[in-house]
Every structure is written in C-alpha cells, then in structure tokens.
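Below: one structure, written as structure tokens.
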Amino acid sequence: MKPPNEYDWYNSGSILVYLYEKSDDKWVLPLEHHYLIEFSHEDRYWGYCECTPNLEGYDARYNCCGNGCDWSAPQVKVQKIENVLFKSFDGNASDLWELEDKWSNNKEEHKREAIEK
C-alpha cells in the first residue's frame, strides 16, 4: 500500500467480525462463519476540474462544485465467509510422521508406475 499524502482523502483497511454466542455462562465462538468488512475507495476519472466560483454549488473549501470532476468515492465491501472445515490433526507428532512416510512411499510408487507405462 502506498504511503498517505495530502491528496489522499480515504484510507483503506479491513475489519474481521466474529460473532460469539453464550453457552453455559461461557462465550463460545461458532465456527460456521464470520464477516470481513473492507474499506477502500473508487477513483472516478470524470474530467479535469474546471469549476469557477460563479458555478452553482461551488464550494470555496475545495475550489470545486463537485459535479463531473475527478474524485475518489468511498467504498465498502462486506463478505460473509463460510467455514467449510475447521479441524486439527488428531494424534501425536509421531503419528503425523508415519502418515508422511506413507505418503512419500505412495508418491514414489505412483511415480515408478507412471514411468513404466
């Protein structure tokens, strides 16, 4: 992201929202979904500003009437993110090592079979 300067009117950023529910006097995080809210802007290149003080709607603070000129509009995007799976490996590290060895052996065997064909 580029550093802000005096001409940047909007900042970009995001917020993650997790909704908890109360169960047996404890707050529990339901793992079905959460929300991502993103703040940004949309550059609208509508034309170089040629506003003058005699135009309707002219605002001296901005030296512009704000109609038909280039500007950056605020933008927000809200996503509901569904969790399809949230699970950890059951077992010890040595259990995982055995599975990795089986995977490697199967991979090598599959590779040999493919070459022989």
Side-chain angles (χ1 to χ4, degrees):
M1 181 163 45
K2 67 179 184 161
N5 65 44
E6 66 179 301
Y7 300 109
D8 284 338
W9 296 98
Y10 303 105
N11 287 321
S12 298
S14 61
I15 299 172
L16 276 172
V17 178
Y18 294 92
L19 302 176
Y20 289 80
E21 59 188 30
K22 198 163 189 177
S23 174
D24 298 328
D25 291 329
K26 292 190 325 191
W27 289 100
V28 179
L29 175 63
L31 299 173
E32 293 85 24
H33 66 275
H34 60 279
Y35 298 92
L36 174 63
I37 304 169
E38 295 179 301
F39 300 97
S40 186
H41 67 277
E42 176 188 352
D43 291 326
R44 296 183 179 171
Y45 299 109
W46 291 352
Y48 182 76
C49 183
E50 297 181 10
C51 297
T52 57
N54 62 333
L55 290 175
E56 183 181 336
Y58 181 83
D59 190 321
R61 293 174 300 172
Y62 303 105
N63 195 28
C64 184
C65 55
N67 296 315
C69 303
D70 292 345
W71 73 298
S72 292
Q75 188 176 64
V76 64
K77 175 180 167 184
V78 178
Q79 292 177 292
K80 180 179 179 181
I81 300 171
E82 297 286 335
N83 295 321
V84 176
L85 176 68
F86 187 86
K87 185 151 176 62
S88 297
F89 180 75
D90 291 330
N92 297 310
S94 58
D95 299 328
L96 186 60
W97 299 336
E98 288 178 31
L99 291 173
E100 288 173 344
D101 290 342
K102 287 179 184 176
W103 170 260
S104 295
N105 292 340
N106 287 342
K107 194 168 127 184
E108 290 300 320
E109 186 179 322
H110 179 72
K111 195 177 194 181
R112 276 194 306 277
E113 288 174 3
I115 291 172
E116 290 172 2
K117 287 182 182 182

With a cutoff of under 4.5 Å between side-chain heavy atoms, which Ile, Leu, Val, Met, Phe, Trp and Tyr residues group with Y45? none
Of all residues at least two apart in sequence or in a different chain, which pass the side-chain hydrogen bond (donor to acceptor under 3.5 Å, both in side chains) check with D70? none
Is there a path of hydrophobic side-chain contacts, each under 4.5 Å between heavy atoms, that joins V17 and V76? yes
Find the distance between NZ (K80) and NE2 (H33) and round it off to the nearest 0.5 Å. 4.5 Å
Does the pair Y35 and I15 meet the rule for a side-chain contact (heavy atoms from CB on, under 4.5 Å), with working shown? CA-CA 8 Å; Y35 298 92; I15 299 172; over 6 Å; no
So, using ring-ring contact (aromatic ring centres under 6.0 Å, His included) as the criterion, who are the partners of Y58 when residues are at least two apart? none
Those residues at least two apart in sequence (or on a different chain) that pass side-chain contact (heavy atoms from CB on, under 4.5 Å) with E56 are none
Side-chain heavy atoms of D43 within contact of H41, under 4.5 Å: yes
Mind checking whether Y18 and L36 sit in one hydrophobic cluster, side chains of I, L, V, M, F, W, Y counted as touching below 4.5 Å? yes
Report, one line per pair, each donor and acceptor closer than 3.5 Å where one atom sits in a side chain of residues 104-112; sequence neighbours left out.
from, atom 1, to, atom 2, distance (Å)
S104, OG, E100, O, 3.1
N105, ND2, D101, O, 3.3
N106, ND2, K102, O, 3.4

With sequence neighbours left out, write down each residue that passes salt bridge (charged side-chain N to carboxylate O under 4.0 Å, His left out) with D95, or none if nothing qualifies. none
Check F39 against I37 and note the closest heavy-atom contact, atom names and distance. CZ-CG2, 3.6 Å
Spacing of CG belonging to D59 relative to SG belonging to C51, to within rounding of 0.5 Å: 10.5 Å
The criterion is side-chain contact (heavy atoms from CB on, under 4.5 Å); which residues satisfy it with Y48, sequence neighbours excluded? E50
In chain order, what residues pass the side-chain hydrogen bond (donor to acceptor under 3.5 Å, both in side chains) check against S94, with sequence neighbours excluded? none
Just to verify, what does E38 make a salt bridge (charged side-chain N to carboxylate O under 4.0 Å, His left out) with, not counting sequence neighbours? K77
